[in-house]
Amino acid sequence: MFLVDSHCHLDYDPMAFDIPGTIRRAHDQNIKGFLTVCTDLAKIPAVTAIADSYEDVFATIGVHPHATQNTLADQELYSLLVKEASHPKVIGFGETGLDYYYTHSPHERQKSSFKAHIKAALTCDLPLIIHTRDAEEDTIDLIKTVGKGKARGVMHCFSGSSWLRDQALDLGFYISASGILTFKKADGLREIFQGVPLERLLVETDAPFLSPEPYRGKPNEPAFLVETVKKLAELKKVSFDDLCSKTTQNFLTLFSKARMSCV
Ligand code: NI
């Protein structure tokens, strides 16, 4: 069974300079599905063009919390997201969410953008890719109040508390493991992942960010996903192959619009 990188940014440098090579190196590691995640409305044409060019690349559309300062107002943003989601390779909304750690955009702008994404997700019945940092309570509150128990999605690049893990699991969300899991000082996070059932796990690189060990400090790319999967398999006491098939099945369950023609 092949792996899927459930979150990468193929339109970012340095991968953008050599997307065919990036994908070839990933294929050599049996990674045969990619979700390239949009971070700003201006990037929609680029991410959808990449998805159109490769059979096993899918895209999301959305505005990263950092970029919400100058984005469209709620209603316009909602309408644009719904319209763009009709693209056949667009399989989710994000990354969206809240980031009070950096606060590159005011909290109120982040919240209104997040709400627009949640509403679009309900209208289109597509999953959300959620980025949350130092904003756990507000994130869960908005998923509950705006999502009305129907929103589904993934907590991407999970590095939160056990409280956030449990809340997300209760809401039916998936939890995605990134390269952070391989870091020497990540014992607390590894402990938190012990409590995530196999049927709710996804794996991702978030490339070009957060390279796993032993590539830490270098630009990340989808081929490095295997390092995170090896670490997670060890942690969950399952074989590498079983974890590949489980996380790929989970990806296809959550991102049901993806039609994997790459087996
Ligand atoms: Ni990302």
Side-chain angles (χ1 to χ4, degrees), residues 3-16 19 22-23 26 31 33-44 46-48 50-51 57-69 71 81 89-105 110 113-114 117-118 121 126-136 139 153-160 164 168 173-183 186 189 201-212 215-225 227-229 247 251 254-255 258:
L3 277 167
V4 175
D5 186 350
S6 74
H7 189 120
C8 55
H9 302 281
L10 295 173
D11 60 321
Y12 279 47
D13 297 342
M15 291 182 292
I19 297 175
T22 301
I23 289 182
I31 297 151
F34 309 84
L35 185 54
T36 194
V37 173
C38 185
T39 52
D40 207 349
L41 298 178
K43 294 175 189 246
I44 292 176
V47 296
T48 51
I50 296 168
V57 176
F58 297 87
T60 68
I61 50 172
V63 184
H64 193 287
H66 290 341
T68 52
Q69 176 134 37
T71 200
L81 292 170
K89 298 295 281 289
V90 169
I91 62 170
F93 291 111
E95 54 187 287
T96 181
L98 302 171
D99 192 317
Y100 297 170
Y101 180 80
Y102 288 111
T103 307
H104 287 329
S105 293
Q110 296 190 33
S113 170
F114 188 24
H117 285 74
I118 298 172
L126 288 175
L128 292 155
I129 292 86
I130 294 182
H131 168 113
T132 178
R133 193 158 180 202
D134 281 7
E136 297 189 348
T139 300
V154 53
M155 294 296 176
H156 118 79
C157 196
F158 191 88
S159 61
L164 181 65
F173 272 61
Y174 289 72
I175 308 275
S176 182
S178 69
I180 300 176
L181 210 67
T182 69
F183 295 175
L189 185 64
L201 274 174
L202 294 183
V203 288
E204 68 172 80
T205 57
D206 204 12
F209 311 108
L210 293 169
S211 288
Y215 305 107
R216 202 172 171 187
K218 293 184 187 164
N220 200 0
E221 62 173 71
F224 299 164
L225 182 63
E227 301 301 330
T228 300
V229 177
T247 55
F251 178 86
L254 178 61
F255 293 98

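Both ligands and their constituent atoms are indexed starting at 1 by order of listing. Along the sequence shown, residues carry numbers from 1. Quick caveat, the model's predicted, so the values are computed rather than measured. We use all heavy atoms of the structure for the numbers below, so side chains are in, but hydrogens, waters and symmetry mates are not.
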- Three-point angle Glu95:OE2, the Ni ion (ligand 1), His9:NE2, rounded to the nearest 10°: 90°
- Smallest heavy-atom separation, Met155 atom then Ala168 atom, equals CG-CB, 3.8 Å
- Note on the structure: Closest non-hydrogen contact found for Glu95 with Pro65 is O-CD, 3.9 Å
- Verify whether one side chain among Tyr174 and Ser6 offers a donor that lies under 3.5 Å from an acceptor in the other. no
- Task: Would you mind naming the N, O or S atom of Asp206 nearest to the Ni ion (ligand 1)?
- Result: OD1
- Message: Counting backbone and side-chain atoms alike, is an N, O or S atom of Cys8 positioned under 2.8 Å from the Ni ion (ligand 1)?
- Response: no
- Do the side-chain N and O atoms of Asn220 and Thr205 include a donor-acceptor pair separated by under 3.5 angstrom? no
